[in-house]
Amino acid sequence: MLESEKFKNMQNRKCYAYIIAGVVFQTIIILVFALTVMRIKTPSVRLRSVTVQNLTYNASNSPAFFTLTLNAEIAVKNKNFGHFRFEKSTANVTFANAVVGDGDIIKGRAKARKTKRMNVAIDVSSNGVVIDGAKLNNELNSGNLTLTCLSRLRGKVTLMKMMKKRKTADMNCTMTVDLKSQAVHVLDCE
Ligand SMILES: *[C@@H]1O[C@H](CO)[C@@H](O)[C@H](O)[C@H]1NC(C)=O
Ligand SMILES: *[C@@H]1O[C@H](CO)[C@@H](O)[C@H](O)[C@H]1NC(C)=O
Ligand SMILES: *[C@@H]1O[C@H](CO)[C@@H](O)[C@H](O)[C@H]1NC(C)=O
Ligand SMILES: *[C@@H]1O[C@H](CO)[C@@H](O)[C@H](O)[C@H]1NC(C)=O
Ligand SMILES: *[C@@H]1O[C@H](CO)[C@@H](O)[C@H](O)[C@H]1NC(C)=O
């Protein structure tokens, strides 16, 4: 073999090594990309804060009752690298599994890696609702009322303006309302 040919062979081998290294590098980049940026996570929905207004109740009345207005701030947290667009929905307030009020959540959009906040006012009343009377009396006499706020947001996450995936985000928050002070003591979301 001529010296020049040997040299050419060596050059070729070096060239192949570079190509393989390049392919491996690209594969790793694509893999990392697929596992982070392209992975679509379900957004979370929770109540960030709640205040109570116009609370009235009477445990001695027959039937016992309560009415109040909840002013809730709902936070839709979107960890994706693309926006989450959700349809209009309803937030239900329940007492002992019975719906005692509902409020409208207007359709909206949580930007990429951002939290969208919305205010919702919900009129709550036990009047005319079939309710666990023993539990109601018990709670009204204890001075604390336990309410749950449930909602389901259906929508789509869009990545890079073309990849779309349906996602459904559920909210399930429980709160304790102090009947005397109208303060919300505990606010826990699943
Ligand atoms: C609550 O009470 C305020 C006055 O304290 C009143 O302006 C408002 O209309 C009441 N809201 C509801 C929903 O009844
Ligand atoms: C609660 O209801 C009872 C029985 O209807 C009534 O006598 C009482 O005045 C009511 N209390 C209040 C604070 O409205
Ligand atoms: C209501 O619950 C809160 C927190 O659990 C507690 O600190 C408070 O004392 C309770 N209020 C009454 C009247 O029981
Ligand atoms: C809210 O309540 C209505 C009926 O009152 C029910 O159809 C709906 O599924 C409830 N939504 C949630 C999220 O629980
Ligand atoms: C909401 O969460 C509570 C636990 O904190 C659970 O017992 C209940 O079944 C949940 N409700 C829904 C509708 O998922």
Side-chain angles (χ1 to χ4, degrees), residues 40-80 83-111 114-157 165-190:
I40 298 182
K41 302 161 204 88
T42 302
S44 79
V45 192
R46 29 181 49 239
L47 290 184
R48 241 176 66 81
S49 67
V50 181
T51 57
V52 171
Q53 273 186 320
N54 303 4
L55 173 67
T56 59
Y57 69 98
N58 193 337
S60 325
N61 198 50
S62 176
F65 70 88
F66 63 85
T67 64
L68 56 95
T69 302
L70 275 187
N71 291 300
E73 190 184 24
I74 299 177
V76 183
K77 187 174 180 180
N78 177 25
K79 283 187 176 169
N80 294 295
H83 65 252
F84 174 57
R85 200 188 287 276
F86 51 88
E87 292 150 29
K88 74 174 164 65
S89 180
T90 305
N92 285 351
V93 175
T94 66
F95 173 81
N97 295 323
V99 178
V100 286
D102 56 50
D104 291 333
I105 297 177
I106 56 171
K107 69 176 181 181
R109 200 175 85 136
K111 289 184 190 153
K114 288 272 191 302
T115 299
K116 161 92 174 168
R117 301 204 170 98
M118 299 169 288
N119 290 308
V120 181
I122 307 173
D123 290 328
V124 175
S125 173
S126 66
N127 290 330
V129 179
V130 179
I131 226 166
D132 181 342
K135 189 165 173 150
L136 180 58
N137 271 304
N138 198 357
E139 290 214 2
L140 290 181
N141 287 319
S142 82
N144 268 333
L145 185 67
T146 308
L147 297 174
T148 299
C149 191
L150 300 169
S151 187
R152 168 164 285 183
L153 288 191
R154 295 171 200 280
K156 278 182 197 153
V157 173
K165 192 162 183 202
R166 297 205 137 272
K167 282 286 171 189
T168 300
D170 283 321
M171 177 174 80
N172 179 355
C173 299
T174 301
M175 68 202 88
T176 304
V177 179
D178 191 309
L179 293 168
K180 288 259 152 56
S181 66
Q182 303 198 18
V184 176
H185 282 304
V186 185
L187 178 58
D188 269 331
C189 295
E190 284 276 281

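Here, residue 1 is the first one in the sequence, and each next residue gets the next number. Values below: all heavy atoms of this structure, side chains included; hydrogens, waters and symmetry mates excluded. Since the model is a prediction, treat every value here as computed from it, not as a measurement.
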Side chain to side chain contact (heavy atoms under 4.5 Å, CB included), paired with M175, selected from L47, V93, T148: L47
Atom pair CG (L136) and CG (L145), whose distance is rounded to the nearest 0.5 Å: 7.5 Å
Side chain to side chain donor-acceptor pair (under 3.5 Å) against S62, all qualifying residues, sequence neighbours excluded: none
Partners meeting salt bridge (Lys or Arg N to Asp or Glu O under 4.0 Å) with R117 (sequence neighbours left out): none
Listed partners of K135 passing salt bridge (Lys or Arg N to Asp or Glu O under 4.0 Å), at least two apart: E139
Side chain to side chain donor-acceptor pair (under 3.5 Å) partners of S125, counting only residues at least two apart: N127
Polar contact flag, side-chain donor to acceptor under 3.5 angstrom, T69-D123: yes
Criterion side-chain contact (heavy atoms from CB on, under 4.5 Å) on V76 and T115, from CA distance to verdict: CA-CA 5 Å; V76 183; T115 299; 5.9 Å; no
Atom NZ of K41 with >12 non-hydrogen neighbours under 6.0 angstrom: yes
Contacts of type side chain to side chain donor-acceptor pair (under 3.5 Å), residue N71, not counting sequence neighbours: Q53
Inter-residue atom distance N141.CG - S60.OG, 0.5 Å rounding: 7.5 Å
Contacts of type side-chain contact (heavy atoms from CB on, under 4.5 Å), residue K167, not counting sequence neighbours: I40, T42, P43, F84, V157, K165
Under 3.5 Å side-chain donor-acceptor pair for T56 and T67: yes
Distance in Å, L147 CG paired with T176 OG1, rounded so as to fall on 0.5 Å steps: 8.5 Å
Gap separating the CE atom of M171 from the CZ atom of R152, nearest 0.5 angstrom: 12.5 Å
Any pair counted as side chain to side chain donor-acceptor pair (under 3.5 Å), so long as it reaches residues 90-104, sequence neighbours left out: none
Residue list, side-chain contact (heavy atoms from CB on, under 4.5 Å) with K111, at least two apart or on another chain: R109, K114
T168 side chain to R154 backbone, donor-acceptor under 3.5 Å: no
Between CG on residue L140 and OG on residue S126, distance to nearest 0.5 Å: 7.5 Å
Considering all heavy atoms, the nearest I105-S151 contact: CD1-OG, 3.5 Å
A134 backbone acceptor or donor facing N138 side chain under 3.5 Å: no
Ring pair (Phe, Tyr, Trp, His ring centres under 6.0 Å) involving F95 - partner list, sequence neighbours excluded: F66
Backbone N/O of A64 and side chain of N61: donor-acceptor pair under 3.5 Å: no
Residues which pass salt bridge (Lys or Arg N to Asp or Glu O under 4.0 Å) with R48, listed by chain and number, not counting sequence neighbours: E73
SG-CD1 distance between C149 and I122, expressed to the nearest 0.5 angstrom: 4.5 Å
Any residue meeting side-chain contact (heavy atoms from CB on, under 4.5 Å) with K156, in chain and number order, not counting sequence neighbours: K164, R166
Could you tabulate the donor-acceptor pairs under 3.5 Å formed by side-chain atoms of residues 179-190, not counting sequence neighbours?
{"unit_1": "S181", "atom_1": "OG", "unit_2": "A183", "atom_2": "N", "d": "3.2"}
{"unit_1": "H185", "atom_1": "NE2", "unit_2": "D178", "atom_2": "OD2", "d": "2.8"}

